[in-house]
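For reference, the structure discussed in these notes is given below.
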Amino acid sequence: MDLKAGLWQQQSLKLAMTQELSQAIALLQYSAQELSSFLENRALENPLIQVENNNIQPINPLIDRNRRKHTKNTENEWIEQIAAKSSSVEDQLVSQLNVHKYSSNQLKVIKYLIQKLDVNGYLSSDPMEISEQLGVSLEMVEESVIVIQTLEPAGIGARDLKECLLIQIERENLEDDLAIILLTQYFHLFAEKKWKLIAKELQIPLQRIQEIFDTIQQLNPRPGALLEQENVSYIIPDAMVERFGDGFSVRLCDDIIPKISFNDHYYQKLTTTQDSQVSRFLQEKVQDYQWIMKSIEQRKETLTRVVSKIVEKQTQFLKKGREYLVPMTMKEVASELDIHESTVSRAVKEKYVQTPIGTFSLKSFFTSTIQTVSNENTSSSQVKNAIAALIESENKQRPFSDQEIVEMLKINQGIVVSRRTVAKYRDQLGIPSSSKRKRFD
């Protein structure tokens with residue numbers, strides 16, 4: 001073996017990820033809101049980038065003063081609404097208490113326990129640990145838990161789902177000896193719908209268990225969710241598809257994206273200096289501006305092409321509705337546009353399009369292909385709709401098994417899928433198995 005050192009030449013081809021290329025890729029996957037935020041932040045770093053927010057109007061003091069006069073009567077109303085919405089879970093629960101009824105120590109324990117509630121409104125902390133942490137008796141902690149469980153919504157402060165349901169049954173005057181027995185002694189069998197075992201042991205008809213199940217289904221397993229004040233987030237579409245005669249037109253929603261321009265005044269002012277560092281700084285910032293402008297144009301062109309291709313392939317969906325969504329993959333679109341599949345993936349990431357039949361995420365248009373007995377293919381979305389329709393129309397006393405659904409899809413609609421695929425799609429639709437769909441009316 002020759003281990004001598006030496007010099008030799010080797011020719012190789014490599015792809016270098018430059019900063020500019022990385023920036024272009026990042027801008028492509030930005031939504032309109034993210035791109036707007038990026039440009040505003042970049043303008044703070046680059047004095048040659050001038051941002052113009054067309055959707056922000058300057059305030060005229062005289063007009064604003066007159067507007068306040070006209071809205072003076074309603075001003076307090078919306079201020080009160082904001083205050084009401086901003087109240088925390090702790091404030092909502094404590095406001096129900098008669099604070100004069102409890103000692104300062106017990107109020108302290110109650111507030112601490114409220115802070116320990118999880119998002120479902122359950123209290124999973126160990127009372128003994130809380131007793132030691134706060135330096136109070138275990139009896140006071142237990143009493144405080146009971147106090148919280150008397151508050152609204154019913155079920156708040158429960159230790160688990162079983163206790164949550166029992167509290168609601170008692171609060172709603174739905175007390176039923178059999179319901180309490182089912183929840184306390186047969187909770188898991190009852191939840192898993194293994195009712196024949198329960199009926200045999202308790203010597204009761206299945207119809208009676210079904211009645212109790214229907215009643216309990218009306219209760220709220222997550223009372224804490226009623227106290228959460230979540231801010232409503234609105235979807236701003238990145239593109240819009242409009243009906244144009246027999247076809248469709250596509251345009252990007254650039255209204256919320258600030259317009260950027262070159263700050264020529266600042267540039268001319270600094271070019272008169274002879275400082276080499278200033279000249280180098282200006283050169284870097286000019287190049288940065290040019291690359292951003294180029295990246296924005298590339299993003300606009302790529303996004304327009306991708307959305308146009310989606311519209312071209314999903315015309316029937318846009319005309320007739322969701323059940324006409326045809327199979328389409330990112331690889332297929334990339335091949336027809338002569339771009340890389342990853343480019344399509346970045347272009348549709350977290351972006352939405354407004355169409356004549358609603359607003360959809362761009363990713364929702366891409367579905368896998370399902371084989372049929374004919375030469376045509378169907379999409380996974382259409383198969384899910386077909387499964388949901390079959391289950392909706394079934395006899396609930398004898399629901400279809402997954403294998404029966406497989407056979408019905410093949411015979412009635414020519415769709416060829418496996419039992420495992422049906423089970424997977426059923427789970428994605430949130431539909432339980434046939435044993436749990438069965439009713440005993």
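Note that the numbering runs from 1 along the sequence shown for the chain. Reckoned from all heavy atoms, side chains included, excluding hydrogens, waters and symmetry mates.
You'll find the side chain of L183 reaches within 4.5 Å of the side chain of I169, heavy atoms only. Residues R426 and I391 form a side-chain contact, since some pair of their non-hydrogen atoms from C-beta on lies under 4.5 Å apart. M408 is listed as a side-chain neighbour of F400, based on a closest heavy-atom distance under 4.5 Å. Side-chain contact between V353 and P237 is absent, with no heavy-atom pair separated by less than 4.5 Å. A heavy-atom distance below 4.5 Å is found between the side chains of R42 and I292. Residues N263 and Y289 form no side-chain contact, since every pair of their non-hydrogen atoms from C-beta on lies 4.5 Å or further apart. Annotation: side chain of L325 is in contact with side chain of Q314 (closest heavy-atom distance under 4.5 Å). Between V383 and V422, the closest side-chain pair of non-hydrogen atoms is not below 4.5 Å.
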**Criterion side chain to side chain contact (heavy atoms under 4.5 Å, CB included) on R251 and E242, from CA distance to verdict** = CA-CA 8 Å; R251 68 178 180 88; E242 298 172 326; 3.9 Å; yes
**Message:** Quick one, R171 with E152, criterion salt bridge (charged side-chain N to carboxylate O under 4.0 Å, His left out). Give me CA distance, side-chain angles, the key distance, then yes/no.
**Reply:** CA-CA 10 Å; R171 187 81 61 85; E152 294 290 344; 3.0 Å; yes
**Chi angles and distances behind the side chain to side chain contact (heavy atoms under 4.5 Å, CB included) call for Q354, V241** = CA-CA 6 Å; Q354 182 177 326; V241 176; over 6 Å; no
**Step-by-step side chain to side chain contact (heavy atoms under 4.5 Å, CB included) determination, I339 to R305** = CA-CA 10 Å; I339 57 179; R305 291 180 65 200; 4.0 Å; yes
**Prompt:** Does the side chain to side chain contact (heavy atoms under 4.5 Å, CB included) test come out yes or no for V99 and L107, once each step is laid out?
**Reply:** CA-CA 7 Å; V99 294; L107 277 175; 4.1 Å; yes
**Asked** After noting the C-alpha distance and the side-chain angles of E90 and K111, does the key distance pass the salt bridge (charged side-chain N to carboxylate O under 4.0 Å, His left out) rule?
**Response** CA-CA 7 Å; E90 182 180 354; K111 291 181 179 180; 5.5 Å; no
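A search for side chain to side chain contact (heavy atoms under 4.5 Å, CB included) contacts involving I357 returns F317, T355, F360, not counting sequence neighbours.
Between the side chains of Y122 and E163, no donor N or O sits under 3.5 Å from an acceptor N or O. Counting only N and O atoms by type, the side chains of T421 and S418 include a donor and acceptor under 3.5 Å apart. Side chains of Q397 and K438: a donor-acceptor N/O pair is absent below 3.5 angstrom, by distance only.
Looking only at distances, a side-chain donor or acceptor of S131 sits under 3.5 Å from a matching main-chain atom of V136. A donor-acceptor pair is defined here as one N or O able to donate and one able to accept, closer than 3.5 Å; such a pair exists between the side chain of S95 and the backbone of D91. Counting only distance, with no hydrogens or angles, the side chain of E40 and the backbone of S37 share no donor-acceptor pair below 3.5 Å. Formation of a donor-acceptor pair under 3.5 Å by the E341 side chain with backbone atoms of A334 is not found in this model. In this structure, the side chain of K351 engages the main chain of R346 through a donor-acceptor pair within 3.5 Å. No donor-acceptor distance shorter than 3.5 angstrom exists from the side chain of R299 to the backbone of K294, with no hydrogens or angles considered. Between the side chain of S295 and the main chain of W291, a donor-acceptor pair closer than 3.5 Å is present. With hydrogens and angles ignored, the 3.5 Å screen pairs a side-chain donor or acceptor of D238 with a backbone N or O of Y352.
Note on D402 versus R420: no salt bridge recorded, every NZ/NE/NH1/NH2 to OD/OE distance being 4.0 Å or above. Between E129 and K116 there is no salt bridge, since no side-chain N of the basic residue sits under 4.0 Å from a carboxylate O of the acidic one. We find that E312 and K309 are joined by a salt bridge, their nearest charged nitrogen and carboxylate oxygen being less than 4.0 Å apart. K285 and E45 are not joined by a salt bridge, as no carboxylate oxygen comes within less than 4.0 angstrom of a charged side-chain nitrogen. Salt bridge K313/E332: present, at least one basic N to carboxylate O contact under 4.0 Å. With respect to E394 and K396, a salt bridge is recorded, a charged nitrogen being found less than 4.0 Å from a carboxylate O.
Annotation for Q283: atom CD does not count as buried by contact number, only 12 or fewer foreign heavy atoms lying within 6.0 Å. Surrounding CG of D246 are at most 12 heavy atoms belonging to other residues, nucleotides or ligands under 6.0 Å away. Shown here is F213, whose CZ atom has more than 12 heavy atoms of other residues, nucleotides or ligands within 6.0 Å. Around the NZ atom of K194, the shell of radius 6.0 Å holds no more than 12 heavy atoms that belong to other residues, nucleotides or ligands. Within 6.0 Å of the CZ atom in R398, the count of heavy atoms belonging to other residues, nucleotides or ligands does not exceed 12. Atom CG of D338 has 12 or fewer heavy atoms from other residues, nucleotides or ligands within 6.0 Å.
Note that the CG atom of L151 and the CG atom of L227 stand 9.5 Å from one another [nearest 0.5 Å]. Atom-to-atom distance recorded for I257:CD1 and L252:CG is 7.5 Å, nearest 0.5 angstrom.
Between C253 and A32, the shortest heavy-atom distance links the atoms O-CB, 4.5 Å.
Within the cation-pi definition used here (under 6.0 Å to the ring centroid, within 45° of the axis), K363 does not qualify as a partner of F366.
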